[in-house]
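One structure below.
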Amino acid sequence: MNIWDMLILDPMINILLLIYSVLQNFGLSIILFTLLIRLITYPLTYRQFKSMQAMQELQNSPDFKKMQQKYKDDKQKMQQEQMKLYQEKGVNPFGSCLPTLIQFPIIIGLYQAVIRALAVAPTQMVDLNSHAYDFINLSRLVLIDKQFLWMDLSQPERLSIFGFDLFGLGGIPVLAIIVVVTTYLQSKLMTPVSQPGEQGAGMTQAMNLYMPLFMGYLAFSFASGLAIYFVTSNLATIGQYAAMGRLNWKNLIPKRKAKSS
Amino acid sequence: MKNNRLLLFFVLISVSVILTACTGGAGQASSWPGLTLDPDGEVAYVAYGTAIYAVNLESFTQVWRYPLERDNKINFFATPAITEDGQLIAGSFNHLLYSINLENGQGNQQSWPFDGAENTYVGGTLADGNMIYAPSSDNSLYALDLSGNLKWTYAAEDAVWGTPVTDGKYIFLPSMDHRMYALDPQTGREVWKTEPLNGSIAGVPTLGPGGQLFVGTFGSELVALDSATGKVLWRAPASNWVWTGPALDNDWLYFGDLDGVLHGLELTTDSYLERWVYPNANSELSGEPEVGQITGKPVVLDGVVYFGSESGYVYAIDAESGEFKWAQPVNGKIYTDLKLVGDKILVATMGKDELLYMFETDGSQFRSPFIPQN
């Protein structure tokens, strides 16, 4: 057995199956599993928030602005000085990236776990058998019901209303649209209010634009079980930040452009 | 800043690629080859992935393939059936049941393909007399005439992944709902159904000479039923799921389980005796190749049991003692039932290229493996 299966995939499959054995609803099992993941990774979320906050404070400090002004014509020197300042103030410039990066193996693992647990064909079924822990009574659970609301959790989601087919997509990709909206809301609400030209503002803007589209693409293309994870995860994250009182509602209000003199 | 955006773009694309590569896109299903022999044992029909191949068993060469042009919507997992009027009937994962002319590999038209199913075909089709019985993952068994006209439908309580069998009197239908059903072949009327048998039933049940019906279940046991009433006669425990029914040879039964254990049972008047299991205590010490999951039905010839496993080996075991005789590797996992072609053993694999192997009884290869031609 490889490390990935042992550390990520097998625990995910078995936790999903365990939850399913209680709820008997795979869609709800994915939702509960996602909330569990958010709970486990909460310390990381909190650290991400603290790191973003520290970075924001540092970048707004007079020392930082003075340094930027001083080395504005020497990018290399400015970067060296920035790193020095980060070290002096104990700020890790990558501290806010780590929780985001940790999401990727979870996404990949969860997608594999959903597809393998649903086992729509014999090869997947014998594979599932080899991944299930002994305490899971798999023979009582299979075949797992892959229907959740109007969705087949093993297939990309499309909602057909009176046969209406949006651009030949086979229906309306409701879940993908919800994923785009909630990812956008999440990134907007969590991002500290930034000033134009501020260090990192461009990157943040790019993330705020690309990430929802990318997540929407994944939700559109892959099994709807993954999209349910995205939506639940986004809403849970927004909830966590709201509980900390750190949502930046101002980011949702379009800024007026400063009049050029 | 440009570098950061590039990095971001790279990360996003990587995740997308990993998701696709590791899991086969949007949950692409896969299965092992379905293998059928013509009644004369001259041609094998292998349904695997996007095509069915007709293979001449003397020359081990391809006679035809269906369809001629690759169609990614078609995905054959179900074992095809041969009708007495020369059709090959094969269900696909795209919910369609195809009829193919055995002689030339052309798709028959008329009422074909049959599009009445609402889900995939995983279980093999049964052809008996002037009727075709096609089980679907939509829980139903579809009974058609040879022209593809629907005669009746019977709905089980869950998907049907197994292959129905008949004793000429009833159709015996295995289902993932943990039950076996006996149906009237002409009307589809339910004659009996069992109580839940502790687990789903896939694969092919085996009819015994004394009116028994032997069924492997996901409840990790082989169950013997009375085919007249559906009453459970006895249960033989295994160490893991039993995917399919046993091979029958005189009064002996041979079946494997997903723990990679082959069981040798001798039938008694009203029960059984487990005579041996393979691998045994000596197997590892003797350096015999490890056995992986066993899903296919073994074959028995001249006192030797032959079986394949997910480990990619074909094994020969003494039928009475369970002692190891030989094992030969193939290039791919073996999940499909083995077949006897005269005194040779035909093996379908999930190899990247090689699809069929033919072994002599001493373990030597009859010819080079069959590789499909596109």
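Here is how names work: the chains are called A, B, and so on, in the same order as the sequence lines, proteins then strands, and each is numbered from 1.
- One finds the CG atom of B/Asp257 at 9.5 Å from the CG atom of A/Asn129 (value rounded to the nearest 0.5 Å).
- When all heavy atoms are compared, the tightest approach of B/Ala159 to A/Leu143 is CB-CD1, 3.5 Å.
- Under the 4.5 Å side-chain criterion, counting only non-hydrogen atoms from C-beta, A/Pro122 is in contact with B/Trp32.
- Heavy atoms closer than 4.5 Å to chain B are found in both the backbone and the side chain of A/Met125.
- Around CD of B/Glu118, the count of heavy atoms belonging to other residues, nucleotides or ligands within 6.0 Å does not exceed 12.
- Crowding of B/Lys333 atom NZ: a count of heavy atoms from other residues, nucleotides or ligands under 6.0 Å not exceeding 12.
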| request: Begin from the C-alpha positions of B/Trp241 and A/Val142 and carry the test side-chain contact (heavy atoms from CB on, under 4.5 Å) through to its verdict. | output: CA-CA 12 Å; B/Trp241 294 358; A/Val142 294; 4.2 Å; yes

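- Contact record, B/Asn198 with A/Ser139: O-OG, 3.8 Å, taken as the closest heavy-atom pair.
- Within the 4.5 angstrom heavy-atom criterion, only side-chain atoms of B/Trp161, from C-beta onward, approach chain A.
- Contacts between A/Leu118 and chain B at a heavy-atom distance below 4.5 Å are absent for every atom of the residue.
- Within 6.0 Å of the OH atom in A/Tyr20, the count of heavy atoms belonging to other residues, nucleotides or ligands exceeds 12.
- The neighbour count for B/Glu157 CD, taken as heavy atoms of other residues, nucleotides or ligands under 6.0 Å away, is above 12.
- Across all non-hydrogen atoms, the minimal contact from A/Val120 to B/Phe93 is O-CZ, 3.7 Å.
- Rounding to the nearest 0.5 Å places OG1 of A/Thr123 at 11.0 Å from CD of B/Glu310.
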